[in-house]
Amino acid sequence: MKNKKVLIGIIIMIILILVIAVTTIIMLLNKSEEKAQKAFSTYISLINEQKYEEMYDMISSKSKANISKENFIKRNKNIYDGIDAVNINAQITQVEKQDGIFKITYNEQMSTSAGNISFANTAKLVKENKTYKLNWSSSMIFPELRDTDKVRVATLKAKRGVILDRNDEPLAFNGNISTVGIVPGKLGENKEESIAKISELTGVSINYINTQITASYVKDDTFVPIKKVAANNKELKDKLLEISGIMINSTEARVYSLGEEAAHLIGYVQPINAEELKEKAGKGYNSDSLIGKSGLELAYEDTLRGIDGKEIYIEDGNGNRLKQLAKQDKKDGKDVKLTIDSNTQKQLYEQMKSDKGFFVVMEPKTGELLACVSTPSYNSNDFVLGLTNSQWEELNNDETKPLYNRFLQSYCPGSTFKPLTAAIGLTTGKITEDTTFTYLGLSWQKDKTWKTDYITTLTQYNEAKNVRNALIYSDNIFFAQAALQIGKQPLCENLDKLGFNEQLEFPLTLRKSQYSSSPDKIIATEKKLADSGYGQGDILVNPIHMASIYSAFANDGNMIKPYIEYKETKNVEYLKQNVFSSNAVNIVKEAMIQVVENPQGTASDMKINGVTIAGKTGTAELKNSMEDTESGTLGWFNCFTINNSTGKDMLIISMVENTQNNRDGGSHYLIKKIRTLF
């Protein structure tokens, strides 16, 4: 019995020892598994942190024998950075141990420039010096990737949308330009002479050319780009091709069909810069992107721009595509169709191209802008081709300011403001059709408190000094007295109703119209109030805003909303409603018709048989004082057709600067140009 108890005790002891041993083994195994998993997780986190050098320290001796540290870092960096891999996550699904090696099966996900990539993979870890190391090969990056394969990223180039005129004529489109380049090995014996000739013809400095053709990557047969030129510049290209070593290739680029004729309106694109790329991060731009820099190219950037697609794939050593890893389709930009009529735009530019001024042409019943011309101008294509430093300095230093967009600014309107004063006076009842003022001569002052300040006018007439005749003869004195009779507060309140001091909604930023230069927006003095009545004082009006105001005389007192993006359905949209009474509109409109129809009218030279035109001339003096003889004058002419037999009415706002020395006077100079439209 005693022996039996001893035997049972021994058996229990053995079982306990075995349990302890097995438990210890399991614990050690679990601990080893935890260490292996932790090593694997650390490796994945290092990829996310782009710590490629530390990653190399975590691979096994056997792996290090197959790849140097330098090559390991280079391969991983090129692949992960090249595909913009971020948010790399590995979810372990199974862990096995075979022959002392831990085999970890996992699902990996990552975000890339071509979208998300996910795959199942296996990692093997071995113990070396009490730590676990990965048996690494390129398949750790992607399962199908061999050490001799490459990961490629292809850009699927998206097209930028086209800007079209109302007749579907392209104004900005994706066409071709010519890239002039040099093949250094073919420059011949007279190399310096050839380079000098190339520099002379292209405007590119000799120093720049020499720097480009001696770059480290350049070989004798390398095509080295030097200058971009317009595809249709045949004369220049023919001269260049006479020089040994010149080669000309065709390159896709943005092309502007109207060039100078619509540069301020359409604008231009250029390669995105580092600051813009940072600002646009996450919006699909890359270092090769083009971006709108000015005009409608900038205003409609989000509509026009295409978002490039990306494709990531594995390629073998012979250039054969093995597997697509990810693909993000490109998104072409959308076209923008404008209300602009190319023929009207071109015609008016040709008329004014040597002057400083603008034309704004609008359909008064719909608000469609048919032309927006600013002169002098520049060529949008030059910015795409690339301006030399001297060309850029010449543009910036040009006294005529060709880069200045005049139809976006605001100007002293002179007598073209008088219809507004008349309509406000009639609408408020401060004056009537029969209101007359009594004064003699061509100068007037309210009283002696004005001291040496006088209101002057140009034309003596014998008819009654009423609103009709004052518009026909452009009488400054009448409208100065009318402004005083209307009063400061009513005049300002009614100008506010017209949109003064207000930012008008438009794709391009328009300068606000104003009646006061003071921060509190108050007309400072009685004399300034009088001057405001005939468009002087501190009155400044934006041309596109002026077009909307004048449209009220064609729309029974409602200001049409100007727009430039074409609409198939012409739903009338007003900017402001009931700004003038119907009675005021009819009186002012009939008087403006007589400005043209009446032989004594200031715009009688605008009379065209068969066409009814209402118009108003204006000369704005830019004097700082009564004694100022240096400052120039602005010549204005605003007009609109009424029930034109063609069914297409036009409202035209125009201005030319520096008319003080113009024999025809500013308004009549403009009238000659506007008549060409008829």
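Please read these numbers as outputs of a predicted model, since none were measured by experiment.
Between T400 and D398, the side chains place a donor N or O and an acceptor N or O closer than 3.5 Å (distance only, hydrogens not considered). A donor-acceptor contact under 3.5 angstrom links the side chains of D556 and S582, judged on distance only. With no hydrogens or angles considered, a side-chain donor-acceptor pair links Y515 and D496 at under 3.5 Å. Using modelled atom types, one finds no donor on one side chain facing an acceptor on the other under 3.5 Å when comparing S581 with N583. In summary, the side chains of E573 and Y563 do not present any donor paired with an acceptor at a separation below 3.5 Å, with no hydrogens or angles considered.
A salt bridge between E260 and K353 is absent, with no side-chain N of the basic residue lying under 4.0 Å from a carboxylate O of the acidic one. Checked for salt-bridge contact, K570 and E363 miss the test: no charged N lies under 4.0 Å from a carboxylate O. Between K528 and D538 there is a salt bridge, with a side-chain nitrogen of the basic residue lying less than 4.0 Å from a carboxylate oxygen of the acidic one. Residues E301 and R160 are paired through a salt bridge, judged by an N-O separation under 4.0 Å between the basic side chain and the carboxylate. Classification of E169 and K346 as a salt-bridged pair fails, no side-chain N sitting under 4.0 Å from a carboxylate O.
Between L508 and L296, the closest side-chain pair of non-hydrogen atoms falls below 4.5 Å. Contact of the I291 side chain with the E297 side chain is not registered, since no non-hydrogen atoms from C-beta on lie closer than 4.5 Å. T339 places none of its side-chain heavy atoms less than 4.5 Å from the side chain of T366. Side-chain contact check for K356 versus R406: some heavy-atom pair is nearer than 4.5 Å.
N233 contributes no side-chain N or O that, together with a main-chain N or O of A230, makes up a donor-acceptor pair within less than 3.5 Å. Judged purely by atom type and a 3.5 angstrom limit, T421 uses its side chain to pair as donor or acceptor with the backbone of G533. For H668 (side chain) and T617 (main-chain N/O), no donor-acceptor pair under 3.5 Å exists by modelled atom type. With hydrogens and angles disregarded, a donor-acceptor distance shorter than 3.5 Å links the side chain of Q503 to the backbone of L510. Looking only at distances, a side-chain donor or acceptor of S667 sits under 3.5 Å from a matching main-chain atom of G618. With hydrogens and angles disregarded, no donor-acceptor distance shorter than 3.5 Å links the side chain of Q409 to the backbone of R511. Without hydrogens or angle criteria, Q351 side chain to I674 main chain gives no donor-acceptor distance under 3.5 Å. Put simply, the side chain of T375 gets close to the backbone of M352: a donor and an acceptor are under 3.5 Å apart. Counting only distance, with no hydrogens or angles, the side chain of N542 and the backbone of L408 share a donor-acceptor pair below 3.5 Å. Side chain of D335 to main chain of V162: a donor-acceptor pair is present (N/O by atom type, distance under 3.5 Å, no hydrogens or angles).
For the pairing with F358, the ring-ring contact (aromatic ring centres under 6.0 Å, His included) check across F407, Y349, Y404, Y411 returns one residue only, Y411. Screening S374, P543, S654, P562 against V360 for a side chain to side chain contact (heavy atoms under 4.5 Å, CB included) leaves a single residue, P543.
Residues satisfying the ring-ring contact (aromatic ring centres under 6.0 Å, His included) criterion with F478, sequence neighbours excluded, are F437. With sequence neighbours excluded, the residues satisfying side chain to side chain contact (heavy atoms under 4.5 Å, CB included) with N273 are E275, E276, K293.
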Check step by step if side chain to side chain donor-acceptor pair (under 3.5 Å) holds for S410 and S513.
-> CA-CA 6 Å; S410 57; S513 298; over 6 Å; no

Step by step, work out the salt bridge (charged side-chain N to carboxylate O under 4.0 Å, His left out) result for K561 and E505.
-> CA-CA 9 Å; K561 184 177 182 179; E505 183 184 338; 3.2 Å; yes

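Note that K673 lies in the cation-pi zone of Y669, set by a 6.0 Å cut-off to the ring centre and a 45° limit from the axis.
More than 12 heavy-atom neighbours from other residues, nucleotides or ligands sit within 6.0 angstrom of NZ on K337.
Taking the ring centroids of H264 and Y378, they lie under the 6.0 Å cut-off.
Interatomic distance, L265 CG to Q345 CD, rounded to the nearest 0.5 Å: 6.0 Å.
Sorted by first then second residue, the side chain to side chain donor-acceptor pair (under 3.5 Å) pairs that include residues 474-492, not counting sequence neighbours, are S415-S474, K418-S474, K418-N476, Y439-D475, Y461-D475, S474-K616, Q489-E493.
F383 and Y268 have parallel rings, their planes meeting at less than 30° on a 0 to 90° scale where 60° marks the start of perpendicular.
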